[in-house]
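The structure under discussion appears below in the form of structure tokens.
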Amino acid sequence: MTRYLPRTTEDGAARDAVRLLCFPYAGGGASAYGRWQRGLDAHGAGVHVLPVQLPGREGRVNEERFTALKALVDDLDEQLDDVLSRPHVFYGHSMGALIACTLTLRRQQRGAPLPLALVLGAYRAPHLPAPTVIEPEADDEQLARRLIELGGIPEALTKYPDFLRALLPVARDDLLMCRDSEASTYDQLLQVPLHLFAGHRDRLVSVPEVAAWRLHAGRGSELRTMPGGHFFLRDDEPLFLGELSAVLRRYAQSVACAGVPV
């Protein structure tokens with residue numbers, strides 16, 4: 001198994017389920033999706049959750065982080081190729097949406113198996129400028145304050161300097177990678193359905209900016225607005241997972257009805 005995915009033993013139900021690969025937001029890791037399997041099971045989503053762990057954080061903290069989006073996507077494409085040969089869906093939140101979209105285009109261009117659908121949350125359509133969380137020259141205190149404002153970290157954690165020393169360099173490198181994306185990369189329509197989620201109170205990415213992904217949709221798109229901010233997936237996780245399950249069930253059921261081996 002690749003280092004990008006958890007080392008778990010799949011039982012029969014997991015082997016038969018559509019795989020949901022989850023890509024993290026800037027500064028985040030696979031643990032952001034740690035409760036999703038139980039939450040989605042409760043709604044009968046019919047998927048096996050595979051949180052993607054990027055290098056340089058959590059269990060891969062000693063590995064070098066990527067700051068170039070293309071290099072990361074090339075590595076993901078190679079390392080995940082076997083897993084992605086079976087029916088799957090991508091979920092990406094904020095930076096994760098950019099990664100999921102770019103990986104899908106990379107695989108589309110080389111004729112590799114594509115996800116059944118792309119589920120993208122809290123990120124502007126790729127023809128728009130990347131959201132500016134903070135200017136590159138901002139100091140750590142300013143970056144921490146901005147992450148608190150967006151709901152990325154609780155203010156109480158600022159009392160733990162060791163936590164901030166671990167988090168902030170990761171967030172900086174991830175934000176640099178987001179700025180590395182080029183609009184010309186996304187001049188090809190995505191040949192998968194797009195399911196878009198936006199936070200009604202998101203102060204970084206507006207609902208119309210998320211809705212603009214429709215311009216990149218070759219197989220249709222739909223938008224859901226959640227009653228939260230940029231991190232609406234945490235503001236009310238049970239509510240969000242219920243909405244997400246409604247999307248995922250249709251793909252799990254279509255695979256089951258078609259008898260596609262997973």
Side-chain angles (χ1 to χ4, degrees), residues 1-2 4-5 10 14-24 33 36 40 45-54 66 69-127 181-197 210-224 244-262:
M1 178 68 77
T2 170
Y4 281 104
L5 297 178
E10 293 183 343
R15 282 194 299 271
D16 293 340
V18 170
R19 288 148 179 83
L20 175 66
L21 283 87
C22 301
F23 297 88
Y33 302 107
W36 277 32
L40 290 172
V47 298
H48 179 44
V49 178
L50 293 174
V52 176
Q53 186 65 281
L54 303 182
F66 285 93
L69 181 61
K70 183 181 184 302
L72 171 62
V73 166
D74 286 349
D75 197 49
L76 285 166
D77 187 28
E78 178 182 353
Q79 294 295 322
L80 297 178
D81 194 43
D82 181 58
V83 173
L84 300 184
S85 66
R86 292 164 285 180
H88 61 280
V89 173
F90 287 163
Y91 176 80
H93 194 85
S94 196
M95 176 189 75
L98 179 65
I99 295 172
C101 161
T102 310
L103 177 57
T104 300
L105 278 173
R106 163 94 164 112
R107 295 179 64 77
Q108 181 174 300
Q109 289 161 359
R110 72 177 185 87
L114 299 179
L116 301 171
L118 269 178
V119 187
L120 307 173
Y123 203 80
R124 293 175 181 171
H127 65 279
S181 63
E182 297 181 5
S184 61
T185 304
Y186 309 97
D187 57 3
Q188 186 178 121
L189 293 178
L190 288 155
Q191 297 304 317
V192 297
L194 304 186
H195 299 273
L196 312 170
F197 284 86
V210 176
W213 278 95
R214 69 184 183 279
L215 300 177
H216 301 266
R219 298 291 176 89
S221 68
E222 62 178 26
L223 173 69
R224 286 173 166 80
L244 180 58
S245 294
V247 172
L248 297 173
R249 272 195 302 271
R250 72 182 72 171
Y251 296 104
Q253 290 169 357
S254 68
V255 168
C257 290
V260 178
V262 296

Min side-chain heavy-atom separation [X]-[Y] under 4.5 Å:
X: V210; Y: F197; result: no
X: V52; Y: L76; result: yes
X: K70; Y: T102; result: no
X: R106; Y: D74; result: yes
X: R224; Y: V247; result: yes
X: V73; Y: L105; result: no
X: L103; Y: F23; result: yes
X: L5; Y: L21; result: yes

Exercise. Hey, can you tell me if W36 and Y91 have their rings parallel, tilted or perpendicular (30° and 60° cut-offs)?
Key: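 Rings of W36 and Y91: tilted, as their planes differ by 30° to 60°.
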Compare every heavy atom of [Y] with every heavy atom of [X], then report the nearest pair and how far apart it is.
X: A45; Y: A252; result: O-CB, 3.5 Å
X: H48; Y: A17; result: N-CB, 3.7 Å
X: V255; Y: P87; result: CG2-CB, 4.1 Å
X: M95; Y: P24; result: CE-O, 3.4 Å
X: L196; Y: S221; result: CD1-CB, 4.4 Å
X: R219; Y: P193; result: CB-N, 3.7 Å

Quiz item: Is there a donor-acceptor contact under 3.5 Å from the side chain of Q191 to the main chain of Q108?
Solution: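 The answer is no, because no donor-acceptor pair under 3.5 Å joins these two groups.
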Quiz prompt | Y123 backbone acceptor or donor facing W213 side chain under 3.5 Å | solution =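 Yes; judged by distance alone, with no hydrogens or angles, the pair exists.
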Exercise. Using the side-chain contact (heavy atoms from CB on, under 4.5 Å) rule, take L248 and V18 through it: C-alpha gap first, then chi angles, then the decisive distance, then the call.
Key: CA-CA 9 Å; L248 297 173; V18 170; over 6 Å; no
Exercise. List the steps, then state whether side-chain contact (heavy atoms from CB on, under 4.5 Å) holds for V119 with L20.
Key: CA-CA 10 Å; V119 187; L20 175 66; 5.6 Å; no
Euclidean distance, [Y] [atom2] relative to [X] [atom1], rounded to 0.5 Å:
X: D75; Y: L80; atom1: CG; atom2: CG; answer: 8.5 Å
X: R250; Y: C257; atom1: CZ; atom2: SG; answer: 14.0 Å
X: E78; Y: Y4; atom1: CD; atom2: OH; answer: 9.5 Å
X: L215; Y: L190; atom1: CG; atom2: CG; answer: 11.5 Å

Quiz item: Would F90 and H88 satisfy ring pair (Phe, Tyr, Trp, His ring centres under 6.0 Å), going step by step from the backbone distance to the final call?
Solution: CA-CA 7 Å; F90 287 163; H88 61 280; 5.2 Å; yes
Self-check item: V192/L194 under side-chain contact (heavy atoms from CB on, under 4.5 Å): CA gap, chis, key distance, verdict
Solution: CA-CA 6 Å; V192 297; L194 304 186; 4.3 Å; yes
